[in-house]
Protein chains: 2
Amino acid sequence: MTAAHVGERLLTPGEVAALFRVDPKTVTRWATAGRIGSIRTPGGHRRFRESEVKTLLAELTTEATKGDGPA
Amino acid sequence: MTAAHVGERLLTPGEVAALFRVDPKTVTRWATAGRIGSIRTPGGHRRFRESEVKTLLAELTTEATKGDGPA
DNA sequence: CATTATTAGGGTAATTCGGGTA
DNA sequence: ATTGTCCGAATTACCCTAATAA
């Protein structure tokens, strides 16, 4: 299994946006920028992995002052 | 054997919908639009090939390039 | 044969997409 | 550089009743 774990719970852009308190458009931009993985429906709409979203949320909570930021 | 998919596991619209996190009706629309192959039961209900669905999920999946570079 | 869950079919809101702009 | 908003177009979600599946 390389691509997606079949059976992983997926979230809609609106749900992810609500979790991060941002506009759904912003979540779309994150996906386009490759900052978050996304699955597209045959119709072109995006779905996000709940596990990955939770990981990102946890990183926000961490907000380490270390130099882990982008180069 | 000419039939290339004899014995292929079939999924119901509800199961496919759960995998993509969409409404079962949406899966039906995909079939109607020819975006996904479907088999019809004698009663008119649709069934989908598990292998095709998995392939579709994999193709439409974008890995988030997380931890890509070997440390 | 009876029961319960799912699906088909149509119609109407809500969401998302994509580009461009502030 | 990142986010929010406006627009039109497309996709998806939820409403219903009847039929099929198990």
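The sequence lines fix the lettering, A, B, ..., with proteins before strands; numbering per chain opens at 1. Just so you know, these numbers use all the heavy atoms, side chains as well, and skip hydrogens, waters and symmetry mates.
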Rounded to 10°, tell me the angle between the two end axes of the helix from dT3(C)-dA22(D) to dG19(C)-dC6(D), each built from five pairs. 60°
What is the separation between atom CG on D23(B) and atom C1' on dA8(C), rounded to the nearest whole Å? 13 Å
Given that both distances must come in under 3.5 Å, which nucleotide forms a Watson-Crick or G-U wobble pair with dA1(D)? none
Applying side-chain contact (heavy atoms from CB on, under 4.5 Å) to T32(A) and not counting sequence neighbours gives T28(A), R46(A)
side-chain hydrogen bond (donor to acceptor under 3.5 Å, both in side chains) involving R21(B) - partner list, sequence neighbours excluded: E15(A)
Starting at atom CG of L19(B), determine the distance to atom C1' of dT12(D), rounded to an integer number of angstrom. 17 Å
Let me know the distance between CG of L11(B) and P of dA21(D), rounded to the nearest Å. 17 Å
Between F48(A) and A31(A), which heavy-atom pair has the shortest distance, and what is it? CE2-CB, 3.9 Å
Give the B/S/- string for nucleotides 17-22 of chain C, one per nucleotide from 5' to 3', where a protein heavy atom under 4.0 Å of the base yields B, of only the sugar-phosphate yields S, and otherwise -. BBBB--
Applying the side chain to side chain contact (heavy atoms under 4.5 Å, CB included) criterion to L11(B), which one of R49(B), K54(B), R47(B), E50(B) satisfies it? E50(B)
Rounded off to whole Å, could you give me the CG-to-P distance for the L10(B) and dA21(D) pair? 13 Å
Any residue meeting side-chain contact (heavy atoms from CB on, under 4.5 Å) with L60(B), in chain and number order, not counting sequence neighbours: R40(A), P42(A), F20(B), L56(B)
Starting at CH2 of W30(B) and ending at P of dA8(C), how long is that distance when rounded to a whole Å? 13 Å
Any residue meeting side-chain contact (heavy atoms from CB on, under 4.5 Å) with K25(A), in chain and number order, not counting sequence neighbours: D23(A), R29(A)
